[in-house]
Each structure stands twice: as C-alpha cells, then as structure tokens.
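Heads up: the structure comes next, in structure tokens.
Hydrogens, waters and symmetry mates play no part in the numbers below; they use all other heavy atoms, side chains included. Order of appearance sets the numbers: ligands from 1, and atoms from 1 within every ligand.
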Amino acid sequence: MDILTWPDLPAAQQPQWPDQTALEGVLTQLRTLPPLVFAGECDQLQNRLAAASRGEAFVLMGGDCAETFDGATADAIRAKLKTVLQMAIVLTYGASLPVVKVGRMAGQYFKPRSKPVELRDGVELPSYFGDGVNTLEFDAQGRIPDPTRLLRSYQTASSTLNLVRAFTQGGYADLREVHSWNQDFVAETPAGNRYEQVAGEIDRALAFMAACGADPDEFKRVEFYSGHEALVLDYEKAMTRIDSRTGNPYDVSGHFIWVGERTRQLDGAHVDFAARIHNPIGVKLGPTTSPEAAVEMAELLNPNRIDGRLTFISRMGAGVVREALAPIVEKVEASGHRVLWICDPMHGNTREGSTGHKTRSYDDVADEVLGFFQVHKALGTVPGGIHVELTGDDVTECVGGTLGVTEDQVGDRYETACDPRLNRAQSLELAFDVADYLLDRPRSGLR
Ligand code: PEP
Ligand code: MN
C-alpha cells in the first residue's frame, strides 16, 4: 500500500505512458524495492551543503547530461569518478577548502526536452526523453514510452552506486593513489601535467605525515554522493519512503534531488514534490527568473529555513550572468533565507556549432563561473560550488580548452546522449581555473 499521497497538480514534461496497467505493475515493484540511498546519508549531505553555504566548503557536482543504460560500464563509471576526484584534489589543494562531491550519477536517466517530437527526413517521432523513458535510437517502436524502463533505471542506478561505493570506500580513492588517477591520456595534457605537480606535492606531504606517525582514516576513503533531476514523478514518487527514525519522507533514488529549469513552476507538481521530501534539494534558475519568484521558491521549499536544505543552481549564460544573477542573490539574501548558491556554467551556454552539433565553448563556461564569483564578491555573499556536465573520456563535444578542441573537430568523438560535456582535460582545466577564482586571483592558465 502506498502510504504517501500526492496532490494532483499540473506536471510538465511527463511521459505519456500508453499502458496504465503496465505502469501500475512497475510502480508497485518500485515501491517495494530496497532504497538506493539512506535518509541518514541525505542528512549528512545536507550538513555538508550547509557548511558550503557558509563558505566552509565548496561543492563539486558533475557527470553526464544523460546517463545511458549501456554507458553504465565499469570503465566509464571509473573514468567519471576519476575526473571528479582529480578536480576535487585540485580544488581542495589549491583553495584549502573541503570539497563536497556529488556525481550527476545513478539517476540521470530522464531528460526534459524543448520539443515533444523530433523530425528527421520527414518522419516525426516522440523526442528522446532519456533511457528511463524511451530509446535514443530514432525508431518508431523504441520512442514509445516504456514503463519497464523505470525498473531498468532502478537496476542501473543500483549497480552504478554499488561500484561507486566500492571505488570510494575500498581503497581506490585513497589519497596515496593521487598519481594513479592521472595514468592515462590526460597525463599528456597541460592540465594533466600541472596535476602531476600537485600530486607530487601531496605525496611529499603524506610521506612527511606518515614519518610523523599520522595516518588518518579520512585519507583512505572519500565521501561521494549521488544526485539527479527529479523529472519523471512516477519514478521519484514510487522511490519515496518514510524514514523509520524520523517519520519523514525521503526520495531514496538519490541523495540530492533537483528541479530543472523547465519544471520549476511555483504551482506545479515538481516543486510540490521537492517541498515534501526531506532530501537536500536544488532548483535550477535560468535568466528568466525574477528575484521575487526566487524568494517565493525559497519560502515554499524551505519555510523552516534549514541550512543546507535548499540549493539554487544558476544557469544564466556567460553573457548575462553578471546582470541576471545579482538582483536574485540580493533579494533572496535580503529575505533572510540562506541558500547555497551553485553555478551551472553549461546550460546557458549551449549553441549550435559549425558541424551542426550542439556545443559549448570552454571560454564561455569558465567566464560564467568567473561572473558568478564576481557577483558574489560584489554582494559579500558566498559562491558555494559548481555543477558541470563532464565525462571521463577523451570526447570532442565542447570546443576550446588549452588542448584546443576546434569547431570542426566537434563531430570527431561526439558521444553524448544529450548535451555536450567537458572532456577529462577540459574538466581538470576548469578545476584549476576555479581554484584561482576561489583564491580571488586571475586565471593562471596552464602553460
Ligand atoms: C540538465 O541539467 O541537464 C538540464 C536539463 O538543465 P536545465 O534544467 O538547467 O536546463
Ligand atoms: Mn544537460
């Protein structure tokens, strides 16, 4: 029996499941499956995010735009994890701040789309809404929403998280492994080179500490959390459980759950869902957000003003971030709400490249993060983290970076199922740039 009841509110971007009986069967199964994350872990993350909102830590969220079922291989998961761990090392070491690590992992199977249908060579089919709903392949049968894909989402999330937990707790993420995360193509890049220097310095510091007899446990394991957009509410509601300790509902499909730019209507079902669950939650804020709407959002989602509960993830675009974000931050802070401010420098900077692919420029990404830091510096508020789309592989989806993926190379290795991601070298380079911003010094560059 579903003990949770949900009001019937308008919900944007929901799949039109053709067979309600099949859907009900799937949801009944999902409601009884074991949780993917624990409520206590979500509370722990909320405490970490609260620290970041005070400037005592920095949040790094990263991973694919859209995870695919076939993409959940050990190699791909390890490569993504390595990228995030390397970025975190650069930030922790560079800025002397703890880094809270959240993967866009084990749940990014659902995608909002700007158009419900896709037209190719005169054929019109439903758009791809993520592997959790239908197929990327442009196929009439495959594009019909299939609720059994919700179960595959759960299973893929489960095996992904299992491996992530093994990697982060079982020795792979031990600080003494800092060099080994750099042992592939990335070592040959300018960012990899600079990373090698940092790793060398960390090694010497560790050897010194070991010689002094210190071998703290914190160096052997890494706290790593999962996050995804709560888009398909059938899945998220079926994964919501009452925590036996507190009696509060938690969405146990991931630690951190956010509401996207296209579903953040104040009177809509997604915001209502986020308001009811006790996970730490985020909301994407694009350039059309009014300062008043942001305050109203904070009232709805965090009426008790719990630190770490609410994160605003701004995604304005490099060209407008300085004007668009400042009035929002100012008004929210003046209202007395303390939210965690995070910058997503990806989604406001998507454009069509010369090869016809969706792309983003590294310089725009780095510039939006810089604008975000400048806004917070001018207001005396806290720039608490970044949220990026990245992969551990050597893809050519975003242009620029020191290695210089050119416009005409964008098609060469274009593997994303949705938006263009920073490759490993570009991700590492961004970490060095952000460490400079955190220390309030100009980008030192990699040469
Ligand atoms: C995303 O994070 O992949 C996404 C769709 O972002 P937004 O909701 O900000 O457009
Ligand atoms: Mn995206």
**Item:** Contacts of the Mn ion (ligand 2) with protein N/O/S atoms, counting only those under 2.8 Å
**Value:** Cys65 SG, His347 NE2, Glu389 OE2, Asp419 OD2

**Complete:** Per-atom filter on ligand 1: closer than 4.0 angstrom to a heavy atom of Gly260 are 8 (O)

**Prompt:** Closest approach of Val395 and Asn423, non-hydrogen atoms and distance?
**Reply:** O-ND2, 3.0 Å

**Prompt:** To which protein heavy atom is atom 3 (O) of ligand 1 closest, and what is the distance rounded to 0.1 Å?
**Reply:** Lys111 NZ, 2.8 Å

**Polar contact flag for Glu389 and ligand 1 (N/O pairs, less than 3.5 Å)** = yes

**Message:** Side chains of His387 and Arg315 only: does a donor on one sit below 3.5 Å from an acceptor on the other?
**Reply:** no

**Asked** Does a donor on one side chain sit under 3.5 Å from an acceptor on the other, for His357 and Thr359?
**Response** no

**Message:** Check this for me: does any side-chain nitrogen of one of Asp393 and Arg421 sit under 4.0 Å from a carboxylate oxygen of the other?
**Reply:** no

**Request:** State whether a side-chain donor-acceptor pair under 3.5 Å links Thr406 with Asp408.
**Result:** yes

**Prompt:** Does the gap between the ring centers of Tyr195 and Phe432 come in under 6.0 Å?
**Reply:** no

**Prompt:** What about Arg262: any of its N or O atoms under 3.5 Å from an N or O on ligand 1?
**Reply:** yes

**Prompt:** What is the nearest protein non-hydrogen atom to atom 10 (O) of ligand 1, stated with its residue, atom name and distance?
**Reply:** Arg315 NH2, 2.8 Å

**Asked** Going by distance alone, is a donor N or O of one side chain under 3.5 Å from an acceptor N or O of the other, for Thr68 and Asp70?
**Response** no

**Fill in**
protein heavy-atom neighbour closest to atom 4 (C) of ligand 1 works out as His347 NE2, 3.3 Å

**Prompt:** Between Glu41 and Arg165, does at least one N-O distance fall below 4.0 Å, as a salt bridge requires?
**Reply:** yes

**Prompt:** Looking only at protein heavy atoms, which one is nearest to atom 8 (O) of ligand 1, and how far off is it?
**Reply:** Glu261 N, 2.8 Å

**Request:** Would you tell me whether His228 and Glu236 have side-chain atoms, one donor and one acceptor, within less than 3.5 Å of each other?
**Result:** yes

**Message:** Give me the residue, atom name and distance of the protein heavy atom closest to atom 5 (C) of ligand 1.
**Reply:** Pro112 CG, 3.8 Å

**Sub-4.5 Å side-chain heavy-atom contact between Tyr362 and Thr402** = no

**Prompt:** Considering only heavy atoms, which of Glu229, Lys284, Met346 lies nearest to atom 2 (O) of ligand 1?
**Reply:** Lys284

**Complete:** One finds that the ligand 1 atoms under 4.0 Å from a non-hydrogen atom of Cys65 are 3 (O)

**Prompt:** Which atoms of ligand 1 sit under 4.0 Å from any heavy atom of Arg104?
**Reply:** 1 (C), 2 (O), 3 (O)

**Test item: side-chain donor near acceptor, Thr289 and Arg264, under 3.5 Å** = yes

